[in-house]
Number of protein chains: 2
Amino acid sequence: MPVDVHKLKTVCSSCSLRELCLPAGLDQRELEQVERVVNRRRPIKRGDYLYRAGSELNSLYAIRTGFMKSCVLHDDGREQVAGFHMMGDLLGLDAISSNKHTCDAIALEDSEVCEIPFVVLERLSRDIPSLQQHFHRLMSREIVRDYGVMLLLGSMLAEERLAAFLLNLSQRFAARGYSSTEFNLRMTREEIGSYLGLKLETISRVLSRFQEEGLIEVQSKRIKIVNMGALRALIGQHDCH
Amino acid sequence: MPVDVHKLKTVCSSCSLRELCLPAGLDQRELEQVERVVNRRRPIKRGDYLYRAGSELNSLYAIRTGFMKSCVLHDDGREQVAGFHMMGDLLGLDAISSNKHTCDAIALEDSEVCEIPFVVLERLSRDIPSLQQHFHRLMSREIVRDYGVMLLLGSMLAEERLAAFLLNLSQRFAARGYSSTEFNLRMTREEIGSYLGLKLETISRVLSRFQEEGLIEVQSKRIKIVNMGALRALIGQHDCH
DNA sequence: TTGTTATTTTGATCTAGGTCAAAACCGATG
DNA sequence: CATCGGTTTTGACCTAGATCAAAATAACAA
């Protein structure tokens with residue numbers, strides 16, 4: 001099936017795979033190849049697993065629509081949310097090292113993903129240098145993100161963590177063309193707490209405090225950022241002696 | 001940015017790059033190519049920076065000998081140790097995403113690294129599939145490690161964190177042919193604390209407690225693990241209701 | 001709509017780990 | 001080998017956030 005570049009771009013962006021496709025000059029043929037790999041879609045119902053820790057790595061998944069979380073599991077049943085993922089994010093990178101997924105990926109709302117068979121991606125990225133580069137950058141970006149989470153968990157106060165969390169969401173929504181100041185949380189207070197290393201009551205309390213102080217407006221899952229600057233100022237203002 | 005592996009053999013052992021070379025069949029010519037890339041050595045004095053956050057990515061670095069830490073920096077000067085790295089670990093992976101290093105890498109003792117120009121590695125890994133695979137696995141392994149740290153920081157008690165830390169060191173020493181039960185820490189209590197999201201006094205206290213309980217013997221930086229099993233049992237025994 | 005369950009808020013209390021302070025220790029350097 | 005700055009240990013006390021509990025609210029299925 002012949003495809004013109006313009007259409008392909010549309011297809012790709014409609015697939016929300018700005019992440020995977022676009023960047024840097026792929027020529028006609030390359031785009032076709034990439035498209036073929038990326039085309040299998042798969043819907044995931046809210047609450048369903050995209051994959052589970054321990055299961056075999058077959059594909060990476062790019063989120064087309066929806067919202068997901070990934071959870072690291074501890075032997076004793078404790079679980080820790082390692083990340084929240086939305087349109088355009090690529091999931092499953094952790095599984096490459098051992099060919100087994102090391103965390104669960106669960107849909108927080110009805111979602112759709114593009115399935116990308118990993119072996120095919122690996123082969124393609126040998127033939128298409130710009131794809132290879134892009135893939136490397138994506139893995140590296142995940143590592144950078146992880147370092148940010150470590151910083152957050154290791155040395156920030158509850159208020160700072162939550163401010164950072166809200167600002168991060170805001171930014172990511174903005175980058176996808178949604179409002180940076182009004183959005184609703186797809187996850188529960190408990191899930192936020194798990195991600196931030198805090199308990200759900202603390203999340204609730206800090207959100208309330210933020211509201212009292214006029215930084216945000218909250219009504220259950222609906223968030224409106226009222227004073228972005230003050231929220232930013234909260235981070236990293238820890239008195240250092 | 002760190003990563004450790006255990007299998008290696010002759011060819012690259014001189015460079016201690018069991019990490020980068022070996023896995024899966026490289027033929028004669030390929031080995032030579034890889035060796036050429038990996039051959040530039042560079043000594044780093046204790047306390048010196050291998051690279052700094054913000055500096056341009058030129059090379060990745062594999063540690064030949066010595067011990068290093070990487071630190072994420074917060075705007076306000078707070079710093080968080082993101083990892084400790086030893087022989088065979090590969091550093092700099094975080095820099096690929098933006099072509100700038102996102103953390104400092106500092107030698108904790110006189111060390112030597114192999115410098116691996118990233119563009120060359122990228123080119124080579126297109127030509128040598130097994131190298132490509134290995135490189136992907138290394139990046140992925142770093143992500144898995146990061147998830148482990150998140151779990152630790154997000155949901156473990158001080159004792160569990162320190163037990164996990166000691167066991168991890170023990171394991172990594174063992175994988176490199178050193179004693180798994182006796183080693184000395186190259187980092188200060190403060191650096192351990194930063195890594196584990198605790199204060200140095202807490203590290204000191206918990207180490208003392210472990211000694212009282214007969215789990216380990218400590219004399220300043222010298223550690224002897226006396227009861228490995230009990231140490232293991234400490235992790236993940238948190239009463240879950 | 002109503003009943004049912006999950007989620008959220010808020011208050012009262014508790015505690016793991018932080019903070020402050022001081023002494024002991026260690027290793028490098030002259 | 002005495003000295004000096006950087007670690008480490010230990011104690012006394014304090015606080016951010018956890019825990020426990022209960023009410024209020026939202027989500028949802030019948």
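Just so it is clear: chains get the letters A, B, ... in the order the sequence lines come, proteins before strands, and each one is counted from 1. Worth saying up front: this structure is predicted, and the values here are computed from it rather than measured.
Ion pair E109(A)/R186(A) flagged as a salt bridge, since at least one NZ, NE, NH1 or NH2 atom sits closer than 4.0 Å to an Asp/Glu carboxylate oxygen.
Of the candidates dT8(C), dA12(C), dT10(D), dA12(C) carries the atom nearest the R205(A) side chain, counting heavy atoms from C-beta on. Taking every side-chain heavy atom of L157(A) into account, dA16(D) is the closest of dT8(C), dC20(D), dA16(D).
Straight-line distance from the NZ atom of K199(A) to the P atom of dG17(C): 12 Å, rounded to whole Å. In this structure, the CZ atom of R222(A) is 17 Å from the C1' atom of dA27(D), given to the nearest Å. Between L198(B) atom CG and dT15(C) atom P there is a gap of 20 Å when expressed in whole angstrom units. What separates CG of L185(A) from P of dA27(D) is a distance of 12 Å, to the nearest Å. Taking atom CZ of R161(A) as the reference point, atom P of dA18(D) lies 8 Å away to the nearest angstrom. In this structure, the CD atom of E201(B) is 14 Å from the C1' atom of dC14(D), given to the nearest Å.
Each end of the helix from dT1(C)-dA30(D) to dG30(C)-dC1(D) yields a helix axis from five base pairs, and these two axes differ in direction by 50° (to the nearest 10 degrees).
Within the 4.5 Å cutoff, no side-chain heavy atoms of Q211(A) are placed close to those of V226(A).
Taking the six-membered ring for Trp, F84(B) and Y195(B) have ring centres closer than 6.0 Å.
The shortest distance between the side-chain N/O atoms of T202(B) and the OP1/OP2 oxygens of dG18(C) is below 4.0 Å. Distances shown here put a side-chain N or O of R189(A) below 4.0 Å from the OP1 or OP2 atom of dT8(C). Phosphate contact (OP1/OP2 of dT7(C), side-chain N/O of K221(A), threshold under 4.0 Å): absent. One finds a side-chain N or O of S208(B) lying less than 4.0 angstrom from the OP1 or OP2 phosphate oxygen of dT10(D).
As judged by a 4.0 angstrom heavy-atom cut-off over every strand, L207(B) is placed among residues making no nucleic acid contact.
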